[in-house]
Amino acid sequence: MNNKSQTNGKKLTVVAIGANPYGEDNSSPEEMHAANEEHPYFETTRRNLINRVTFTMDEQNKNADNKIQLGEFIQLDLFCDRTKNSGDINTADPTATIGKCNPSIINYWVSKADWLIPCWGQDPDKALAKLENYNDFIKNDILKEYKASKKGSIYLLASDKNYPAHPNQRGLHVYIPLVPYK
C-alpha cells in the first residue's frame with residue numbers, strides 16, 4: 001500500500017486510548033503479515049491501529065484539497081498494569097491498576113489530539129464499573145467533552161453500537177476506514 005498520507009499534508013496528532021499495555025496477539029496470519037510489512041517495529045495491535053489510521057487518512061485525502069498526514073501517534077491505556085490478557089484487569093485491584101498520574105496523562109494528550117481513538121474493547125468493562133469516578137472521567141470528561149469541544153474528531157474501529165472496539169478484534173480488517181464516533 002502506498003501511504004500518501006505519509007508524504008504530504010497537515011500533520012495530525014492521533015491519540016489512541018487502549019485498555020492496558022500488554023495482551024495476547026489474536027491477529028490472523030494474514031493481518032499479521034500485512035501489519036508487519038507496513039510497520040515492522042511495532043507489536044501487532046499498534047501496527048493494526050496505525051495502518052487503520054493511515055488508511056483512513058489516505059481515503060480522506062483522495063478528494064480533499066487540504067491533505068492530512070500522521071504527525072504523532074500517541075498510545076495511552078486506561079490501566080497501567082501489564083496483564084497477559086486484558087480481561088485479567090477485571091480480577092486485579094482496579095484502583096491500583098490506574099496509576100497515580102494516568103488521568104493527568106490522558107487529559108494532557110487528549111487536549112493535544114486532532115484525532116482521538118477510544119479502542120479499549122470490552123474487556124475492561126467490569127473494572128471500569130467498579131471505578132465509578134474513573135468510568136465517569138473516561139466516558140464523560142474525556143469523550144463527551146472532547147466531542148463537544150469540536151477541537152478534533154473521534155473515530156472508532158467499528159460502527160456497531162458506537163463502542164470502542166479493540167484493534168485486534170476479529171473481523172476488523174486493517175484496510176477499512178475508521179468510523180466517526182456518534
Side-chain angles (χ1 to χ4, degrees), residues 5 9-21 23 45-80 86 89-90 94 97-169 171-182:
S5 64
K10 179 185 175 194
K11 294 183 177 185
L12 301 183
T13 297
V14 176
V15 175
I17 304 175
N20 67 343
T45 302
R46 299 306 155 247
R47 286 189 305 253
N48 285 345
L49 191 49
I50 291 169
N51 282 342
R52 291 284 299 279
V53 167
T54 57
F55 182 78
T56 301
M57 289 178 173
D58 288 344
E59 290 295 302
Q60 289 184 11
N61 284 338
K62 283 182 179 176
N63 298 314
D65 292 331
N66 299 321
K67 308 289 186 196
I68 55 175
Q69 68 175 332
L70 180 59
E72 289 183 291
F73 178 83
I74 309 298
Q75 175 65 52
L76 304 172
D77 291 294
L78 296 175
F79 302 98
C80 299
S86 58
I89 205 75
N90 293 315
T97 61
I98 294 172
K100 290 180 181 175
C101 61
N102 207 33
S104 301
I105 293 168
I106 291 172
N107 264 332
Y108 173 80
W109 282 108
V110 166
S111 75
K112 305 285 184 201
D114 295 301
W115 284 14
L116 180 63
I117 304 172
C119 55
W120 53 80
Q122 65 185 7
D123 286 337
D125 281 351
K126 289 179 186 171
L128 283 171
K130 293 178 196 173
L131 300 164
E132 190 175 323
N133 290 340
Y134 194 57
N135 192 23
D136 188 54
F137 161 73
I138 295 299
K139 293 182 178 168
N140 292 320
D141 297 349
I142 297 297
L143 295 180
K144 286 183 182 172
E145 285 183 22
Y146 185 83
K147 184 176 180 182
S149 76
K150 298 186 178 166
K151 180 194 178 312
S153 301
I154 301 176
Y155 287 98
L156 299 172
L157 299 170
S159 60
D160 62 329
K161 302 178 192 165
N162 211 35
Y163 193 79
H166 189 276
N168 286 351
Q169 180 178 319
L172 295 181
H173 189 271
V174 174
Y175 298 112
I176 57 173
L178 300 167
V179 259
Y181 177 77
K182 297 173 186 161

Trainee: So do Leu70 and Leu12 actually touch side chain to side chain, heavy atoms under 4.5 Å?
Mentor: no
Trainee: After noting the C-alpha distance and the side-chain angles of Lys62 and Asp58, does the key distance pass the side chain to side chain contact (heavy atoms under 4.5 Å, CB included) rule?
Mentor: CA-CA 6 Å; Lys62 283 182 179 176; Asp58 288 344; 5.9 Å; no
Trainee: What I'd like to find out is whether the side chain of Val15 reaches to under 4.5 Å of the side chain of Thr13, using heavy atoms alone.
Mentor: yes
Trainee: Going by heavy atoms in the side chains, are Val14 and Ile74 under 4.5 Å from each other?
Mentor: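 When only atoms from C-beta onward are counted, Ile74 and Val14 do not touch, as no gap falls below 4.5 Å.
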Trainee: To the nearest 0.5 Å, how far apart are CE in Met57 and CZ in Arg52?
Mentor: 13.0 Å
Trainee: At what distance, to the nearest 0.5 angstrom, does NZ of Lys151 lie from NZ of Lys112?
Mentor: 8.0 Å
Trainee: With rounding to the nearest 0.5 Å, note down the distance linking OG in Ser153 to CG in Asp114.
Mentor: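 If we round to the nearest 0.5 Å, Ser153:OG and Asp114:CG are 8.5 Å apart.
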Trainee: State, to 0.1 Å, how close Tyr146 and Ala113 come at their nearest heavy-atom pair, and which atoms those are.
Mentor: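 Looking at all heavy atoms of both residues, the closest pair is OH-O, 2.7 Å.
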Trainee: Taking only residues two or more places apart in sequence or in another chain, which ones pass ring-ring contact (aromatic ring centres under 6.0 Å, His included) with Tyr181?
Mentor: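 So Tyr181 forms no ring-ring contact (aromatic ring centres under 6.0 Å, His included) with any residue.
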Trainee: Any chance you could measure Ile154, atom CD1, to Lys182, atom NZ, to the nearest 0.5 Å?
Mentor: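 Ile154 atom CD1 to Lys182 atom NZ measures 13.5 Å (nearest 0.5 Å).
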Trainee: Flag the pair Leu143 / Pro118 as yes when at least one side-chain heavy-atom distance between them is below 4.5 Å, and no otherwise.
Mentor: yes
Trainee: Taking the side chain as C-beta and beyond, is there a heavy-atom pair between Ile17 and Cys119 under 4.5 Å?
Mentor: no
Trainee: Can you tell me if Lys150 uses its side chain to pair, donor with acceptor, with the backbone of Lys147 under 3.5 Å?
Mentor: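 Flag not set: sc Lys150 to bb Lys147 has no pair under 3.5 Å.
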Trainee: Roughly how far, to the nearest 0.5 Å, is the CD atom of Glu59 from the CG atom of Leu178?
Mentor: 11.0 Å
Trainee: List the atom of Pro180, the atom of Tyr155, and the distance in Å for their closest heavy-atom pair.
Mentor: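 Taking every non-hydrogen atom into account, N-CD2, 3.8 Å.
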Trainee: Check step by step if side chain to side chain contact (heavy atoms under 4.5 Å, CB included) holds for Leu156 and Ile117.
Mentor: CA-CA 6 Å; Leu156 299 172; Ile117 304 172; over 6 Å; no
Trainee: With heavy-atom distances below 4.5 Å as the criterion, would you say the side chains of Leu157 and Leu49 are in contact?
Mentor: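 SC-SC contact between Leu157 and Leu49 confirmed.
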Trainee: Distance check, rounded to the nearest 0.5 Å: Ile68 atom CD1 versus Trp115 atom CH2?
Mentor: 4.0 Å
Trainee: Side-chain contact, heavy-atom cut-off 4.5 Å: Ile142 with Leu116?
Mentor: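 Yes. Closest side-chain heavy atoms under 4.5 Å.
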Trainee: For atom NZ of Lys144, decide whether the heavy atoms of other residues, nucleotides or ligands shown that lie under 6.0 angstrom number more than 12.
Mentor: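 12 or below, so no.
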Trainee: A side-chain contact here means heavy atoms from C-beta on lying under 4.5 Å apart; do Asp77 and Trp120 qualify?
Mentor: no
Trainee: Please report the C-alpha distance between Trp109 and Gln75 in whole Å, then the side-chain angles of each, then the deciding distance to 0.1 Å, and finally whether the side chain to side chain contact (heavy atoms under 4.5 Å, CB included) criterion is met.
Mentor: CA-CA 9 Å; Trp109 282 108; Gln75 175 65 52; over 6 Å; no
